[in-house]
Asker: 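Please find one structure pasted underneath; my questions will follow.
Just the heavy atoms: all of them, side chains too, but no hydrogens, waters or symmetry mates, feed the values below. Each chain gets a letter, A, B and so on, in the order the sequences are listed, and its residues count up from 1.
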Number of protein chains: 2
Amino acid sequence: MSEVVSRKVQIEGIATELFRKKGYAATSMRDLAQAVGMEAASIYSHIKNKEALLSSICFRLADAFMDAKKEMELQTMPAPLLLQKAIEAHVRVITNNLDASAVFLHEWRHLSPEPLAEFIALRKAYENYLIRIIQQGKEEGKFQFEDEKIAVLSLLSGLNWIYDWYKPEGKLSPEQVAQNLSNLLLNGLTKK
Amino acid sequence: MSEVVSRKVQIEGIATELFRKKGYAATSMRDLAQAVGMEAASIYSHIKNKEALLSSICFRLADAFMDAKKEMELQTMPAPLLLQKAIEAHVRVITNNLDASAVFLHEWRHLSPEPLAEFIALRKAYENYLIRIIQQGKEEGKFQFEDEKIAVLSLLSGLNWIYDWYKPEGKLSPEQVAQNLSNLLLNGLTKK
DNA sequence: CCTACCGATCGGTAGG
DNA sequence: CCTACCGATCGGTAGG
């Protein structure tokens, strides 16, 4: 029983790597089987089908982001600090799940209509939560920006791209990356 | 003769839309043929093969970015202004090529080894050119940042994500988007 | 630009 | 978890 579970987790882990490296559509069940070390048909003893793998990866990450959001919403503090904490939490999710983040960010569109709609709704909710934070900052007189949609999407894209260059074995810890990015996004490049 | 050329251009345009919408690997030549309005086999009268379509899209955009870079390099000005001009040029390339930008950013990894290496080299050269600008700004005492790699990659990701939300029929012109993003990246969210 | 194909590979199932 | 398959679809070619 525990062997079945761990085998399933192992398959999902290898699928995550392959989906990231080759893309979901270009990864065949035979590619996956070979990487796992079994026949393609045997994969189906552990998972329902190919899309179940994608779905599991995308929603696991979405849940991680939503958990961070929920925890943040329990706290009350000035917007700049709140945003910094949110950035830290976001960076932590990504640096802890580099391959899955890449899949989460780029392969979700291959979900079929029903999970796709649910997935998009979760992303939207997360986006709105960040928009609320920076709107709050504007009301507090701490932030300035013309268009909060552009501000948040640029912020998010800066955060999301981390999976592309972050090296866990490198010199920067997740906290340092978060610190660095917070500073950049809050204060910009210009020296004061 | 001119009909052959324009047909080819038309096929590439439709391929660009499909590659963006479904991804390169998930777009079949039969999908493309149907969208163009001919049989799959007939596509091959106009293009060599599927990868030639991808290659043409990716390198056309890469060339557009490199052209912008070359033009910028002829000019001498303080780094903050230089960066603002570079951002404007970058935003112009993307907003003028929304579908192709998405393909350029996400589908290039499906190129075969040789063009892939060339493509990566072009991107690297462009990245280095931006790094030089912000390094120059640091030397001028105008910019501050801890890690120029992170600064540039965050900057680039903010710029590159534009294709995802920019609506040509919307209220913002490419110049306004560039202005807005320049301000955000140079000065941050924080009100001075 | 079409008809008629090709060999290869796809996701997935049956039955053990 | 394997062998043996299935029908469908893939990129691409031959020949007109």
Asker: Only one of A:E140, A:E139, A:R132 forms a side chain to side chain donor-acceptor pair (under 3.5 Å) with A:Q136, so which one is it?
Answerer: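 Considering A:E140, A:E139, A:R132, a side chain to side chain donor-acceptor pair (under 3.5 Å) with A:Q136 is found only for A:E140.
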
Asker: Counting only side-chain nitrogens and oxygens, does A:S28 get under 4.0 Å of the OP1 or OP2 atom of C:dT9?
Answerer: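 So the side chain of A:S28 is outside the cut-off, no N or O lying under 4.0 Å from OP1 or OP2 of C:dT9.
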
Asker: Using whole Å, report how far NZ of A:K22 lies from P of C:dT9.
Answerer: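 Roughly 12 Å, once rounded to whole Å.
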
Asker: Kindly point out which of D:dG12, D:dC1, C:dC1 is positioned nearest to the side chain of A:S42?
Answerer: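 When the side chain of A:S42 is considered, D:dC1 is the closest of D:dG12, D:dC1, C:dC1.
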
Asker: Whether the side chain of A:K138 engages the backbone of A:F145 through a donor-acceptor N/O pair (distance < 3.5 Å, no angle test) should be reported.
Answerer: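 Checked: pair present.
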
Asker: Rounded to whole angstroms, how far apart are CG on B:L32 and P on D:dT9?
Answerer: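 Roughly 17 Å, once rounded to whole Å.
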
Asker: Which listed nucleotide (C:dG11, C:dC1, D:dG12) is nearest to the side chain of A:Y44?
Answerer: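 The closest nucleotide is C:dG11.
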
Asker: Would you mind reading off the distance between A:E39 atom CD and C:dG16 atom C1', rounded to a whole angstrom?
Answerer: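 Computing the A:E39:CD to C:dG16:C1' distance gives 15 Å.
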
Asker: For atom CD of B:Q75, is the number of surrounding heavy atoms from other residues, nucleotides or ligands below 6.0 Å larger than 12?
Answerer: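 More than 12 heavy atoms, drawn from other residues, nucleotides or ligands, come within 6.0 Å of this atom.
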
Asker: Do B:S112 and B:E51 pair up side chain to side chain, a donor and an acceptor below 3.5 Å, judged on atom types alone?
Answerer: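 A donor-acceptor contact under 3.5 Å links the two side chains.
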
Asker: Starting at CG of B:D31 and ending at P of D:dG12, how long is that distance when rounded to a whole Å?
Answerer: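 My rounded result for the distance is 14 Å.
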
Asker: Among D:dC1, D:dG11, C:dG11, which nucleotide has an atom closest to any side-chain atom of B:K50?
Answerer: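 Per side-chain heavy atoms of B:K50, the pick is D:dG11.
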
Asker: Taking a pair as Watson-Crick or G-U wobble with both distances under 3.5 Å, which nucleotide is matched to D:dC6?
Answerer: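 Looking at the geometry, D:dC6 pairs with C:dG11.
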
Asker: Indicate whether OP1 or OP2 belonging to C:dC1 is found under 4.0 Å from a side-chain N or O atom of B:R7.
Answerer: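 It does, given that an N or O in the side chain of B:R7 lies less than 4.0 Å from OP1 or OP2 of C:dC1.
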
Asker: Quickly work out the A:Q34 CD to C:dG11 P distance and round it to whole Å.
Answerer: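 Computing the A:Q34:CD to C:dG11:P distance gives 14 Å.
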
Asker: Looking at the side chain of A:A41, which of C:dC2, D:dG12, D:dT3 is the nearest nucleotide?
Answerer: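 Output: D:dT3.
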
Asker: Looking at B:E73, I want to see if its CD is surrounded by more than 12 non-hydrogen atoms of other residues, nucleotides or ligands under 6.0 Å.
Answerer: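 Yes, CD of B:E73 has more than 12 neighbouring heavy atoms, counting only those of other groups under 6.0 Å.
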
Asker: What integer distance in Å separates B:I43:CD1 from C:dC1:C1'?
Answerer: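 Whole-Å distance recorded here is 10 Å.
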
Asker: Taking the nucleotide of DNA chain C with the closest heavy atom to each, which residue, A:K48 or B:M38, is nearer the 5' end?
Answerer: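 Residue closer to the 5' terminus by nearest nucleotide: B:M38.
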
Asker: Can you tell me how far P of D:dG11 sits from CG of B:L53, to the nearest Å?
Answerer: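 Atom CG in B:L53 sits about 11 Å away from atom P in D:dG11.
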
Asker: Mind calculating the distance between CZ (B:R30) and P (D:dT13) to the nearest angstrom?
Answerer: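 Taking CZ of B:R30 and P of D:dT13, I get 13 Å after rounding.
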
Asker: May I ask you to verify if any side-chain N or O of A:S45 is less than 4.0 angstrom from the OP1 or OP2 atom of D:dC1?
Answerer: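 For D:dC1, neither OP1 nor OP2 has a side-chain N or O of A:S45 closer than 4.0 Å.
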
